[in-house]
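Just the heavy atoms: all of them, side chains too, but no hydrogens, waters or symmetry mates, feed the values below.
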Amino acid sequence: MYLSLRGEVEDALEAALSALDLPTEDLGIERPPADVDAAVASSVAFRLAGEVGAPPPQVAADIAAEIDPAGYDYFGAVDTEGPYLNFFPSDRYVAETVERAQSEEYGRLADRDTSVVVEHTSANPTGPVHVGRARNPIVGDAIVRVLDFAGYDVDAHYYVNDAGRQIAVFTWAYETFDESDLPDPERDKPDYDLVRYYRKGNSFLEDGDPQRVEDAEAEIEAIMQGLEENDEETYERISEVVDTVLEGMTGTLDRLPAAFDEFVKETRFMRNGSTDDVIERLKALDEAVYEDDAWQLDLPDIDKNLVFLRSDGTSLYTTRDIAHHEWKFENYDRAVTVIGEDHQLTFDQLRETLELLDHDTDQLDQVFYSWVNLPGGEGMSTREGTGIDLDDLLDEAIDRARAEVEERLDDRIRDDDLDEDDVERIAHQVGIGAVRYDIVAKQPTKMITFEFERALDFEAQSAPYVQYVHARTCGILDEAASDGLEAAESVDPALLDTDAEADLLKTIARFPAVVEEAADELEPHRVATYTRTFAEQFNTFYRECPVLTAEDEETRRARLALVAAARETVGNALHLLGVEAPDSM
RNA sequence: GGGCACGUAGCUCAGUCCGGAUAGAGCGUCGGACUUCUAAUCCGACGGUCGUGGGUUCGAAUCCCACCGUGCCCGCCA
């Protein structure tokens, strides 16, 4: 709706400028400030003032006089305020917004007939997911949801690094050490169980008996070679470790939830010969050099050479990732990767190499996020066992949310008799929602220092703040239903003409445009920003416009329709963020 | 040293891509509002050299240049 309105305004403005013989390449279309009623504005008069030889307000007035709102569906009127042109929607725009927004699918954009693979998380299967890694599944899952809602055909992939040296180390450690030498696992979960071997192995390699370390290195090397030669027995050995740890990790990710359509293993591209094929093609490139017994690529725009074949004849992570990406390009129209900023250089190398192999890398996008640190600047490491496990954070979040619900139980006005299941449901929705929202609401490139208190603040600008709005809409609609009051099917805009109603309506109408922008820019945090504005608008409406006790039935039914529209809008917006929308709380 | 990212109120962040209306929120502090469709709410006050300095422009938090600070990377690891 908003998108249609904006399109109509652009057409009308362009027509007016043409009629006045003025240039139309920059229409200066913008969103007016919150205290201006207009839905769309233009600052084009500034730009044309010099050309016309008149002050901007005069130019604006002349342009406005030339615009004819007749013949447009959603654009209803134009006005000026100083140098600015302000465009107002038609009654039909208002009526259709309320009508359409009551649909469960409100905000979903038309099918684009374009397939996208979103690769996210892809954490090495070496141990429990910690908070430092949590940004990836939370942002990644939101991107998947946003792209899907924006009309793309989306698959979510977790790329499993099951061929690297760390897996060889892990496999050796798992087969070497005895459980009796290990500390008790922190949780009864396979990832917590096995990570003990990994940590033990790494510390042994660091400061164990030199002779035994040398033997271990030989064993690790043998595992690497076995993988490179596609030795079936070696593959089974590492798979036991990888699959077991991964099962534990996905158990944690499911709690968010972050769902994947496919777990794509790195070894797949070794076993099917595509990595060898990539190596042969890379060797044939003009940029290929053989230095220090290893094959490398001297990339034109990157200082650092990319080694793609070790001197011992084994491939590297990036080599396999090239084969992986060629596979993505064969199967999807676009590929998006959510990846830590520490992989920036590698990703640039990957992109350039794919270009050298004649791929169109415009179809490849990446979203970088910066690391989450602990207060004091300490990083989180699976190998060293530092950091906060995501399971612990989620448990803590749910516990705090439960305590909060129980505390509020006593002074509840609403007598809807929350039972124990409700308390548990709300604790989960609010607790996990707060964690997700805290992370997804921020631009991924910003650094985050993780603090429990801040992440689990249930006050304003948090998930519960927005969730509460959804619960309120549900409360009103339930109440209305039990009173036998139904939302109006079509709404006379004159019934919704207070500032609070108009602002809420304007915000509801904008939702599809927010979805589009978030999808285009791969920035789900825009949806979070939107939900905050939305919640503020709704709360103002809630305070100023009684629905069930409105003066006449017509107004009651019109406002009820607005509430129904608000519920779908905020419900869908929360869904895009992967935050649950409680019916009561 | 080089590359990338970040720097907006005491704190946490929107706004930056695509320059325009007095730079917006929340937390904290202070003061108010529950006989009302849910107070996880709302209203008000206080609080800002938009890192610094130049430049472009009618107009710069936004674009360009330099510098400062912080993080990440610069491995035949992933």
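Closest to the side chain of R526(A), from the set C17(B), A21(B), G2(B), is C17(B). Residue V430(A) has its side chain nearest to A40(B) when only G2(B), A40(B), A78(B) are considered. With distances taken from any side-chain atom of D342(A) to the nucleotides C77(B), A21(B), C72(B), the minimum falls on C72(B). Counting only heavy atoms from C-beta on, L316(A) has its side chain closest to C77(B) among C37(B), A21(B), C77(B).
Here, G26(B) and A9(B) have their P atoms 16 Å apart, quoted to the whole Å. Nucleotides C68(B) and G31(B) are separated by 46 Å at their P atoms, to the nearest Å. Comparing the C1' positions of U29(B) and G69(B) gives a spacing of 29 Å, expressed to the nearest Å. Comparing the C1' positions of G28(B) and U36(B) gives an interatomic distance of 30 Å, to the nearest angstrom. Taking atom P in both A21(B) and A39(B), the straight-line distance is 36 Å, to the nearest Å. Only the C1' atoms considered, A14(B) is 28 Å distant from G32(B), to the nearest whole Å. Rounded to whole Å, the P atom of C63(B) lies 10 Å from the corresponding atom of C6(B). Spacing of P atoms, A61(B) relative to G55(B), comes out at 15 Å, to the nearest Å.
Counting any heavy atom pair closer than 4.0 Å across all strands shown, D520(A) reaches no nucleic acid atom. Using a 4.0 Å heavy-atom distance criterion, L548(A) is classed as a base contact. Within the nucleic acid shown, V405(A) comes within 4.0 Å of at least one base atom, counting heavy atoms only. Contact annotation for E521(A): base contact, defined as any heavy-atom pair under 4.0 Å involving a base atom. Contacts of P83(A) with the nucleic acid, taken as non-hydrogen atoms under 4.0 Å apart, are absent. Using a 4.0 Å heavy-atom cutoff across all strands shown, A41(A) reaches at least one base atom of the nucleic acid. Using a 4.0 Å heavy-atom criterion, one finds that D35(A) contacts the bases of the nucleic acid, with or without backbone contacts as well. Using a 4.0 Å heavy-atom cutoff across all strands shown, L477(A) reaches no nucleic acid atom at all. Here Q166(A) lies in heavy-atom contact (under 4.0 Å) with sugar-phosphate atoms only. Using a 4.0 Å heavy-atom cutoff across all strands shown, T346(A) reaches at least one base atom of the nucleic acid. Base contact: V547(A) has a heavy atom under 4.0 Å from a base atom.
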Collect all protein-nucleotide pairs involving nucleotides 55-61 of chain B in which both atoms are nitrogen or oxygen and the distance is under 3.5 Å.
none

Report, one pair per line, the protein and nucleotides 7-14 of chain B atoms (nitrogen or oxygen only) whose separation is under 3.5 Å.
unit_1	atom_1	unit_2	atom_2	d
G7(B)	OP1	K446(A)	NZ	2.5
C11(B)	O2'	R454(A)	NH2	2.8
U12(B)	O4'	R454(A)	NH1	3.2
A14(B)	OP1	Q443(A)	N	2.7
A14(B)	OP2	K446(A)	NZ	3.1

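Between N136(A) and Y369(A), the closest side-chain pair of non-hydrogen atoms falls below 4.5 Å. In this structure the side chain of T507(A) reaches within 4.5 angstrom of the side chain of F534(A), judged on heavy atoms.
The nearest heavy atom of RNA chain B to A471(A) and to E30(A) marks one nucleotide each, and the one closer to the 5' end goes with E30(A).
Residue pairs satisfying the salt bridge (charged side-chain N to carboxylate O under 4.0 Å, His left out) criterion with at least one member in residues 294-322 of chain A, sequence neighbours excluded, are listed as follows: E266(A)-R320(A). Residue pairs meeting the salt bridge (charged side-chain N to carboxylate O under 4.0 Å, His left out) criterion with at least one member in residues 526-541 of chain A, sequence neighbours excluded: E517(A)-R526(A), E523(A)-R526(A). Sorted by first and then second residue, the salt bridge (charged side-chain N to carboxylate O under 4.0 Å, His left out) pairs with a member in residues 36-48 of chain A read D26(A)-R47(A); sequence neighbours excluded. Evaluation of the salt bridge (charged side-chain N to carboxylate O under 4.0 Å, His left out) test over residues 464-484 of chain A, restricted to residues two or more places apart or in two chains, returns R414(A)-E479(A).
Using a 4.0 Å cutoff on non-hydrogen atoms, the parts of residues 538-545 of chain A near RNA chain B are N539(A), Y542(A), R543(A), C545(A), ordered by number.
Rounding to whole angstrom units, CZ of residue F368(A) and C1' of G71(B) are separated by 15 Å. With rounding to whole Å, H470(A) atom NE2 is found 17 Å from U41(B) atom P.
Evaluation of atom-type donor-acceptor distances gives no pair under 3.5 Å for the side chain of D457(A) against the base of A40(B).
Taking a pair as Watson-Crick or G-U wobble with both distances under 3.5 Å, RNA chain B forms stems of 3 or more consecutive pairs at B:1-7 with B:68-74, B:10-13 with B:24-27, B:29-33 with B:41-45, B:51-55 with B:63-67.
Shown here for I279(A) and S315(A), the closest heavy-atom pair between the two residues is CD1-CB, 4.2 Å. Pairing each heavy atom of Q166(A) with each of T126(A), the nearest pair is CG-CG2, 3.6 Å.
Qualifying side chain to side chain contact (heavy atoms under 4.5 Å, CB included) partners for V213(A), counting only residues two or more places apart in sequence or in other chains: F204(A), L205(A), E217(A). Residues satisfying the ring pair (Phe, Tyr, Trp, His ring centres under 6.0 Å) criterion with Y290(A), sequence neighbours excluded, are W295(A). The side chain to side chain contact (heavy atoms under 4.5 Å, CB included) check on A487(A) picks up Q102(A), L560(A), A561(A), with sequence neighbours excluded. Residues satisfying the ring pair (Phe, Tyr, Trp, His ring centres under 6.0 Å) criterion with H324(A), sequence neighbours excluded, are Y159(A), F269(A).
Using a 4.0 Å cut-off, some side-chain N or O of R310(A) falls inside it from OP1 or OP2 of C77(B). The side chain of R559(A) contributes no N or O atom lying less than 4.0 Å from OP1 or OP2 of C37(B). Contact between the side-chain N/O atoms of Y465(A) and the OP1/OP2 oxygens of A39(B) is not found at any separation under 4.0 Å. Between A5(B) and S370(A), no contact under 4.0 Å exists linking OP1 or OP2 to a side-chain N or O. For A40(B), one of the phosphate oxygens OP1 or OP2 lies less than 4.0 angstrom from a side-chain nitrogen or oxygen of R408(A).
Here R557(A) does not pair with E486(A) in a salt bridge; the nearest charged N to carboxylate O distance is not below 4.0 Å. Contact check on R402(A) versus D399(A) returns a salt bridge, with a Lys/Arg side-chain nitrogen under 4.0 Å from an Asp/Glu carboxylate oxygen.
The aromatic rings of F263(A) and Y158(A) sit tilted, their planes meeting at an angle between 30° and 60°.
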